[in-house]
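The structure appears below as structure tokens.
Computation of the quantities below employed the complete heavy-atom set of this structure, encompassing side-chain atoms and omitting hydrogens, waters and symmetry-equivalent molecules. Note on naming: letters A, B, ... go to the chains in the order of the sequence lines (proteins, then strands), and numbering restarts at 1 for each one.
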Number of protein chains: 2
Amino acid sequence: MSGDTTAPARRRTYHHGDLRRALVDAAKTIVADEGAEAFTLREAARRVGVNHRAVYRHFADKDALLAALAEEGFQTLVAEARAAIARERGGDARLLAMGRAYVAFAAQHPAFFRVMFGPRLNEDGRFPSLEVPIGEAFTLLETEIAAARAERGAAVADPEQRRDDAIALWAAMHGLALLLLMRRVRVKRPLLPAYCDRVLGPTVRGLLSSAK
Amino acid sequence: MSGDTTAPARRRTYHHGDLRRALVDAAKTIVADEGAEAFTLREAARRVGVNHRAVYRHFADKDALLAALAEEGFQTLVAEARAAIARERGGDARLLAMGRAYVAFAAQHPAFFRVMFGPRLNEDGRFPSLEVPIGEAFTLLETEIAAARAERGAAVADPEQRRDDAIALWAAMHGLALLLLMRRVRVKRPLLPAYCDRVLGPTVRGLLSSAK
DNA sequence: ACCTGAACACCGTTCAAGT
DNA sequence: ACCTGAACACCGTTCAAGT
């Protein structure tokens with residue numbers, strides 16, 4: 001209803017003006033409300049009031065729509081991790097804050113998180129745009145770990161060491177997130193940040209103590 | 001062909017004598033050969049040469065068949081972890097061996113591993129038998145970590161600390177396994193054990209150093 | 001007790017049109 | 001350029017039989 005007078009009957013073209021956007025949003029809603037399995041192309045099309053075949057004008061197939069979803073998810077995840085880090089001073093505090101943000105995202109959007117990591121979405125290198133936010137996240141990890149180690153007066157790590165360290169922390173965060181989603185661990189929401197610190201603490205300590 | 005003379009025409013009852021077993025095996029083969037998505041009830045039935053409806057005589061639904069699969073997977077995983085541990089002396093060496101075994105299992109049976117952990121298989125507590133091998137694995141983790149810490153003269157940890165420690169190591173192993181399956185990390189097969197040690201090293205060190 | 005057959009309500013995807 | 005409609009080959013699951 002905004003701009004009703006300035007651009008009156010502009011929307012009459014055919015349907016949405018941005019069906020692509022509408023489909024991604026619908027897919028997000030379905031996943032959030034009904035779970036990852038409930039998402040189908042036909043249901044997404046139904047929700048935006050369009051023939052299911054119209055989807056193919058904007059996405060090559062079902063996986064392409066899922067990839068678009070995942071891409072936005074990774075962007076959000078990185079943004080939240082950055083924000084969490086920015087609130088902290090001190091290397092280890094920043095690393096733990098990143099872990100809390102990662103796990104909190106998974107806990108708040110469990111089905112969405114599963115879509116992002118669940119299907120073998122980009123194993124074959126389709127959807128290269130997915131790599132952008134993931135690469136950013138990885139660089140963020142590397143940088144923060146290196147900074148935390150430098151803070152402790154450690155020697156500068158070589159690139160391979162930096163990669164391995166980033167993988168170590170990513171693995172710990174990711175594994176913890178999944179164990180929580182699988183309910184292998186149950187933690188009440190308000191206790192979650194403290195729990196993350198307890199569980200990720202050893203890994204962070206190990207990463208920084210190897211700095212001797 | 002064993003026992004051909006002692007029990008000649010015994011198998012003529014109707015079909016398999018053990019259709020359940022045959023279905024689980026067929027499902028395993030499908031998953032291993034064609035991937036987790038390729039598995040369908042109808043395809044499994046087809047492979048054992050039976051009407052797809054016959055499956056329902058042995059499994060309540062598709063998830064029940066998947067659960068049977070997963071259960072055997074967890075049993076194998078625990079057995080391999082135990083065997084790997086048994087070959088090592090020294091607490092940290094045993095923890096790292098467990099990590100290598102866990103990751104090696106995932107690398108050798110990627111699709112199987114995804115079935116075991118992928119669908120929200122036992123979130124709701126259906127299939128309680130699944131909890132048996134998983135519980136064993138968790139106890140193994142707890143025990144080995146506690147032993148490694150005791151070896152270093154650490155005080156005995158309280159139950160909550162033991163649980164948190166086990167989760168920390170499980171998360172690290174599981175996360176690493178998944179990052180490898182997603183090809184977020186690429187490691188050539190012969191280098192995998194050494195890579196596991198490098199990546200899980202910080203977590204193991206962190207767990208044991210907190211023992212002060 | 002164990003298996004079959006036809007049927008139902010769903011999929012993703014293709015082909016050939018409609019505006 | 002963008003969307004529709006009918007059709008195809010698949011699902012999991014239910015109902016009602018067959019041996």
Side-chain angles (χ1 to χ4, degrees), chain A residues 9-27 29-31 33-70 111 114-115 118-121 124 126-127, chain B residues 9-27 29-31 33-70 111 114-115 118-121 124 126-127:
Chain A
R10 227 256 193 129
R11 166 72 30 97
R12 261 186 47 253
T13 61
Y14 218 124
H15 257 113
H16 294 85
D18 201 350
L19 179 55
R20 189 196 145 91
R21 180 71 261 145
L23 284 169
V24 173
D25 287 340
T29 309
I30 295 166
V31 168
D33 293 355
E34 329 263 344
E37 326 68 39
F39 163 70
T40 64
L41 284 188
R42 292 170 108 113
E43 176 62 21
R46 232 173 266 134
R47 294 223 180 179
V48 306
V50 104
N51 185 285
H52 65 275
R53 274 283 359 209
V55 178
Y56 289 89
R57 194 55 54 175
H58 298 275
F59 299 97
D61 54 23
K62 192 187 181 188
D63 278 347
L65 212 176
L66 278 179
L69 218 84
R114 286 205 111 111
V115 168
R120 305 160 321 173
L121 207 47
D124 48 1
R126 239 186 121 192
F127 317 124
Chain B
R10 227 257 193 127
R11 166 73 28 96
R12 262 185 48 256
T13 61
Y14 217 125
H15 256 112
H16 293 86
D18 200 350
L19 179 54
R20 191 195 144 91
R21 182 69 262 148
L23 284 169
V24 173
D25 287 341
T29 308
I30 295 167
V31 168
D33 293 355
E34 329 262 344
E37 325 70 37
F39 163 70
T40 63
L41 284 188
R42 292 170 108 112
E43 176 61 21
R46 233 173 265 135
R47 294 224 182 179
V48 306
V50 106
N51 185 285
H52 65 276
R53 275 281 2 209
V55 177
Y56 288 89
R57 194 56 52 175
H58 299 275
F59 299 97
D61 53 22
K62 193 187 180 186
D63 277 347
L65 212 175
L66 279 179
L69 218 83
R114 286 206 109 110
V115 168
R120 303 161 321 176
L121 209 45
D124 48 1
R126 241 187 119 191
F127 317 124

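- Between A:Lys62 atom NZ and C:dT14 atom C1' there is a gap of 18 Å when expressed in whole angstrom units.
- Between B:Arg21 atom CZ and C:dC2 atom C1' the separation is 19 Å, expressed in whole Å.
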Could you give me the CA-CA distance, side-chain angles and deciding distance for A:Arg20 and A:Leu23, then say whether side-chain contact (heavy atoms from CB on, under 4.5 Å) is met? CA-CA 5 Å; A:Arg20 189 196 145 91; A:Leu23 284 169; 5.8 Å; no

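- Regarding A:Leu65, its CG atom lies at a distance of 15 Å from the P atom of C:dC11, rounded to whole Å.
- Separating the CD1 atom of B:Ile30 from the P atom of D:dC11 is a distance of 10 Å, rounded to the nearest angstrom.
- Between B:Glu43 and B:Lys62, no side-chain nitrogen of the basic residue sits less than 4.0 Å from a carboxylate oxygen of the acidic one, so the salt-bridge criterion is not met.
- Nearer the 5' end of DNA chain C, as judged by each residue's closest nucleotide, is the contact made by B:Arg42, out of A:Thr40 and B:Arg42.
- Annotation: side chain to side chain donor-acceptor pair (under 3.5 Å) contacts of B:Arg57 (sequence neighbours excluded): none.
- Straight-line distance from the CZ atom of B:Arg20 to the C1' atom of C:dC2: 16 Å, rounded to whole Å.
- Once rounded to the nearest 0.5 Å, the distance linking CG of A:Leu69 with CG of A:Asp63 reads 12.0 Å.
- In secondary-structure terms, DNA chain D builds stems of at least 3 consecutive Watson-Crick or G-U pairs, each pair having both distances under 3.5 Å, at C:4-8 with D:12-16, C:12-16 with D:4-8.
- The shortest heavy-atom contact between B:Ala111 and B:Val31 is CB-O, 3.3 Å.
- The nearest whole Å value for the distance from the CG atom in B:Leu66 to the P atom in D:dG12 is 10 Å.
- With a 4.5 Å cut-off on side-chain heavy atoms, A:Leu66 and A:Phe39 count as touching.
- A heavy atom lying under 4.0 Å from DNA chain D marks the following residues of residues 51-61 of chain A, by number: A:Asn51, A:Arg53, A:Ala54, A:Arg57, A:His58.
- Residues B:Leu41 and B:Tyr56 form a side-chain contact, since some pair of their non-hydrogen atoms from C-beta on lies under 4.5 Å apart.
- Rounded to an integer number of Å, the gap from A:Leu19 CG to D:dA1 C1' is 13 Å.
- Residues A:Ala26 and A:Ala44 share a closest heavy-atom pair of CB-O, 4.1 Å.
- Atom CD of A:Glu37 and atom P of C:dC11 are 14 Å apart (whole Å).
- Rounding to the nearest 0.5 angstrom, the gap separating the CZ atom in A:Arg53 from the CZ atom in A:Arg42 is 10.5 Å.
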